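The structure appears below as structure tokens.
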Amino acid sequence: MLEKVRLALRITSTAYDEDLNGLIDAALADLGLAGVLSDQVTSPLIQRAVITYCRCHFGSPADYDRLKASYDEQKAQLMTATGYTDWGE
């Protein structure tokens with residue numbers, strides 16, 4: 001996941017790995033609070049949500065509001081998608 005986040009953020013150095021790993025963990029924890037199962041981390045939809053979260057919270061992006069809205073929408077869709085939560089059908 002770290003490599004995917006680095007690529008999305010256009011980071012080639014490992015200097016920010018600790019920060020990025022913290023953001024990845026925070027994104028997964030936030031999705032977990034919303035009921036999204038952590039065992040689905042290999043899903044492209046969850047990976048995209050994590051990447052969007054990291055892009056939103058790394059540094060001070062000029063398009064923070066757009067990224068935040070995008071992440072919130074992705075999280076809402078995962079919360080209601082069958083197979084991504086343990087809330088049943």
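Small disclaimer: the values here were computed from a predicted structure and weren't measured.
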Under 4.5 Å between side-chain heavy atoms, counting indirect links through other Ile/Leu/Val/Met/Phe/Trp/Tyr residues: same cluster for [X] and [Y] or not?
X: L9; Y: Y71; value: yes
X: L23; Y: L7; value: no
X: I11; Y: Y64; value: no

Which pairs with one or both residues in [range] pass salt bridge (charged side-chain N to carboxylate O under 4.0 Å, His left out), sequence neighbours excluded?
range: residues 30-40; answer: D30-K75
range: residues 1-11; answer: E3-R6, R6-D17
range: residues 57-66; answer: D63-R66

Output all residues satisfying side chain to side chain donor-acceptor pair (under 3.5 Å) with [X], sequence neighbours left out; order by chain, then residue number.
X: D25; answer: none
X: Q77; answer: E73
X: S43; answer: Y84

task: Show the numbers, then the answer: is there a side chain to side chain contact (heavy atoms under 4.5 Å, CB included) between L37 and I46?
output: CA-CA 10 Å; L37 298 172; I46 291 182; over 6 Å; no
task: Using ring-ring contact (aromatic ring centres under 6.0 Å, His included) as the criterion, list what pairs up with F58, not counting sequence neighbours.
output: Y16
message: Please report the interatomic distance CG(L33) to CG(L28), rounded to the nearest 0.5 Å.
response: 11.0 Å
query: So how far is it from L31 CG to L45 CG, rounded to the nearest 0.5 Å?
result: 11.0 Å
Minimal non-hydrogen separation, P61 against C56, with atom names: CG-O, 3.4 Å
message: side chain to side chain contact (heavy atoms under 4.5 Å, CB included) for R48 and I51? Distances and angles first, verdict last.
response: CA-CA 5 Å; R48 178 55 43 198; I51 288 168; 3.6 Å; yes
query: What residue pairs, at least two apart or across chains, pass side-chain hydrogen bond (donor to acceptor under 3.5 Å, both in side chains) with a residue in residues 51-60?
result: T52-Q74
query: Can V5 and N21 be said to form a side chain to side chain contact (heavy atoms under 4.5 Å, CB included), step by step?
result: CA-CA 9 Å; V5 170; N21 277 321; over 6 Å; no
